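On a predicted model such as this, the values are computed, not experimentally measured, just so you know.
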Amino acid sequence: MADLLYLVAGLALLLAVILPRLLQHVWLSPPLVLVLVGLGLGATPIADRVRFDPVKNGPIVEHVTELTVLIALMGVGLAIDRPIDLRSLASIRRWSPAWRLLAVTMPLCIAGVALLGWAAGIAPAAALLLGAVLAPTDPVLASDVQVGAPTDPDAVESIEEIDEHDEVRFALSSEAGLNDGLAFPFVYAAILLATTSALGWGDLAHWVSWYLLGKIAVGVLAGLVVGWGLGKVAFGARSEPLRLAEHGESLLALAALLTAYGASEVCGGYGFLSVFTCALSVRATERHHEYHRAMHEVVERLERLLTLLVLLVLGVAMSRGLLAHLDWRAAGLALALVFVVRPAAGMAALAGTRSPSGGRLTGRERLAIAFFGVRGVGSVYYLAYAVGHADFAEARWLWSAVAFTIVLSVIVHGVLATPVMRHLEGRRAARGRRALD
C-alpha cells in the first residue's frame, strides 16, 4: 500500500509540473486530465491493492480535502487585486457581484437542489445536505476562470492601478473565496435535522443566532485580526529580522493560513472564512509590494500538488465503486444543478449589475459568471464532515451523487472555460479599442 501511495504522489507531482504548460493552448483543463488518469489507473491491476471507501475512510478524506481547500482559499485571497474597505460604502459596492452571488445565488442553489431531491424521494435531511454540499463553488478547480497572480507592482505606475478589471474573473474568485465558509450553516442544519427527532423554535433560533450569524462573525473577525497583525509585522516591524517582506520569506503565507484557521476554530468560528479574510487583510496592509507574489507562488504550488493528488484518488475511486449507488435521481440532480439551477440563480442575482467603471455587465458576462459555478474538492470535504458527524442512511448514495456532479462539472466547465474566457477577453479588448478611437 505504501509503495502505491508513493507512485500516486509521484505521478501527481509530475503532472502538476507538466500539465499547466502542456494544456495552456488546449481546450482541456488539468483537473479533467487528472480525473481521466485516475480512471485509467483504477482500471489497472495496480489499483487492486487499494480499498478506498469514503465512508470508512471519512476522516482521512475530510482532513486531506480540508487542507486542500484552505490552501486554495489563501491563494485566492492573496491574488485578488481589488481592495475592500469595510468603512467605505463605495469600496463595498465595488464588491457587488460577490455579495449578490452569496446572498441570492447560493441560497437559491441550496433550496433548488434540496427541493428537487425531496421531490424525488430523498429524505429531507439528506436532500438539504446535498443542496448545502453542492452549493458552494470551488476555489480549487476553478483556476481557469479565476484571477491570476497578484499584480506585479513594477508593472503599474501607482497603487491606484492595482485593481481587478475582469469582472467575470473577479466575481467568480470572490464568490469562491467566501461561499466555502458560508455553506457551513446549511451543512449544520442538515446534521441537526438528521440527529433531532423534533425541531422546535428554540432549535431554529439557536441555528440562526449562532450557526448562521455568530460563527460567521467570529470567522471574519479572526481572519481580519490575524491578517492585520501579521501584515503589520511583516511589512512594518521596527525590528529588521521581523520584517519578513524585506527578506522574501514566503512561508509566512502558510503560517498565516494555519494561525487564522486555528484561531477561528478555537473560538468557534468558520475557519474557511477566516483564512480568506486573513489573506485579504494581509494584502491590504501593504498592497504595493512584490512580497504578495512570492507568497502566492508558494501557496499556488502546494495547491496544485494537493489538488491533483485528490483528483487522481477520486478518479481511481470512481472506477472502484464510488459510483455504485448512482441512479437517475442523482444524475438528474447533477444535470439540473449544472445546467439549470446554478445558471438561473446566477442570472437572477446579477440582473442590473454594474461594473466599477459605471457600465452594466454585458449579457455574456453575466451568463459566464452564472454558468461557471465549478463544483469540486469543497463538496467532498463538506460531505465527509457531515457523514462523520451524523448518521445519514443515504450516505453512499450521497457520495455517488456528489462524485458524479464533480466529474460533470470538471468535464463541462473544464472544456468550456478556455474558449469562453478568451471570447470574453477578446470582446472586452475590442470595446476598449473602440473607446479609444
Side-chain angles (χ1 to χ4, degrees), residues 31 35 52-70 72-73 106 109-110 112-114 116-118 120 122-141 176 179-195 211 270-272 306-307 310-311 313-318 320-327 329-331 333-334 337-338 341-342 373-410:
V35 171
F52 178 77
D53 187 330
V55 176
K56 295 181 179 179
N57 303 120
I60 297 176
V61 176
E62 178 184 339
H63 292 307
V64 171
T65 53
E66 178 182 35
L67 180 60
T68 304
V69 174
L70 287 173
L73 289 171
M106 186 174 177
C109 286
I110 294 174
V113 172
L116 287 174
W118 190 21
I122 309 302
L128 177 58
L129 178 60
L130 185 63
V133 163
L134 294 177
T137 55
D138 199 79
V140 181
L141 302 186
N179 68 10
D180 262 302
L182 296 178
F184 245 129
F186 302 97
V187 172
Y188 278 121
I191 293 174
L192 184 64
L193 191 60
T195 56
Y211 290 106
Y270 292 132
F272 284 178
L306 285 173
T307 300
V310 168
L311 290 176
V313 174
L314 178 64
V316 172
M318 286 176 56
R320 293 279 158 170
L322 187 58
L323 298 179
H325 295 268
L326 183 69
D327 58 13
R329 298 176 301 175
L333 286 169
L337 174 65
V338 172
V341 176
R342 161 67 192 203
V374 181
R375 269 60 190 175
V377 179
S379 296
V380 176
Y381 166 75
Y382 279 123
L383 182 56
Y385 180 91
V387 171
H389 286 76
D391 184 18
F392 290 89
E394 305 87 346
R396 295 191 181 278
W397 179 88
L398 287 167
W399 275 110
S400 293
V402 170
F404 179 79
T405 305
I406 293 173
V407 173
L408 177 66
S409 177
V410 166

Query - Closest contact, heavy atoms only, Ala132 versus Pro136 - result: O-CD, 3.1 Å
Query - Aromatic plane relationship, Phe184 with Phe272 - under 30° parallel, 30 to 60° tilted, over 60° perpendicular - result: tilted
Query - Sequence-distant partners of His63, side-chain hydrogen bond (donor to acceptor under 3.5 Å, both in side chains), two or more places apart - result: Glu66
**Report entry** Exam field: side chain Tyr381 to backbone Val64, donor-acceptor pair closer than 3.5 Å
**Finding:** no
Query raised in the report: Quick one: side-chain contact (heavy atoms from CB on, under 4.5 Å) partners of Ala390, sequence neighbours excluded?
Result: Ile191, Ala194, Thr195, Phe392
Query - Option among Val316, Leu311, Ile406 that satisfies the side-chain contact (heavy atoms from CB on, under 4.5 Å) test with Val35 - result: Leu311
Query - By side-chain contact (heavy atoms from CB on, under 4.5 Å) - contacts of Leu116 (at least two apart) - result: Leu333, Ala336, Val341
Requested in this report: Return the minimal non-hydrogen interatomic distance between Ala386 and Leu129, and the atom names on each side.
Outcome: CB-CD1, 3.5 Å
Query raised in the report: Has the side chain of Arg375 got a donor or acceptor atom that lies under 3.5 Å from a matching backbone atom of Ala135?
Result: yes
Query raised in the report: With a 4.5 Å heavy-atom cut-off, do Val402 and Val133 have their side chains touching?
Result: yes
**Report entry** Pairwise distance OG1(Thr65) to CD1(Ile60) - rounded to 0.5 angstrom
**Finding:** 11.5 Å
Report task. Check the pair Leu383 / Leu130 against side-chain contact (heavy atoms from CB on, under 4.5 Å), numbers first and verdict last. Result -> CA-CA 8 Å; Leu383 182 56; Leu130 185 63; over 6 Å; no
Query raised in the report: Roughly how far, to the nearest 0.5 Å, is the CG atom of Leu134 from the SG atom of Cys109?
Result: 9.5 Å
Report task. Just jot down the side-chain contact (heavy atoms from CB on, under 4.5 Å) partners of Ala120, sequence neighbours excluded, or say none. Result -> Trp328, Arg329
**Report entry** Leu326 side, atom CG; Phe404 side, atom CZ - distance, nearest 0.5 Å
**Finding:** 6.0 Å
Query raised in the report: Taking all non-hydrogen atoms of both residues, which atom of Ile110 and which atom of Gly131 are closest, and how far apart?
Result: CG1-O, 3.7 Å
Query - Pairwise side-chain hydrogen bond (donor to acceptor under 3.5 Å, both in side chains) hits with a residue in residues 392-401, at least two apart - result: Asp53-Arg396, Asp327-Trp397
Requested in this report: Might you point out which heavy atoms bring Ala127 and Ile122 nearest each other, and give the distance in Å?
Outcome: N-CG2, 3.7 Å
Query raised in the report: Considering residues at least two apart in sequence or located in another chain, which fulfil the side-chain hydrogen bond (donor to acceptor under 3.5 Å, both in side chains) criterion with Ser409?
Result: His413
**Report entry** Side-chain heavy atoms of Ser379 within contact of Asp138, under 4.5 Å
**Finding:** no
Query raised in the report: Are Thr137 and Asn179 linked by a side-chain donor-acceptor pair shorter than 3.5 Å?
Result: yes
Query - Non-neighbouring partners of Pro124 that pass side-chain contact (heavy atoms from CB on, under 4.5 Å), sequence neighbours left out - result: Trp118, Leu193
Requested in this report: Just jot down the side-chain hydrogen bond (donor to acceptor under 3.5 Å, both in side chains) partners of Tyr188, sequence neighbours excluded, or say none.
Outcome: Tyr385
Query raised in the report: Which pair of non-hydrogen atoms, one from Ala403 and one from Leu322, has the smallest distance, and what is that distance?
Result: CB-CD2, 3.6 Å
Query - Reported CG-to-CG distance for the pair Leu306 and Leu70, which is rounded to 0.5 angstrom - result: 10.5 Å
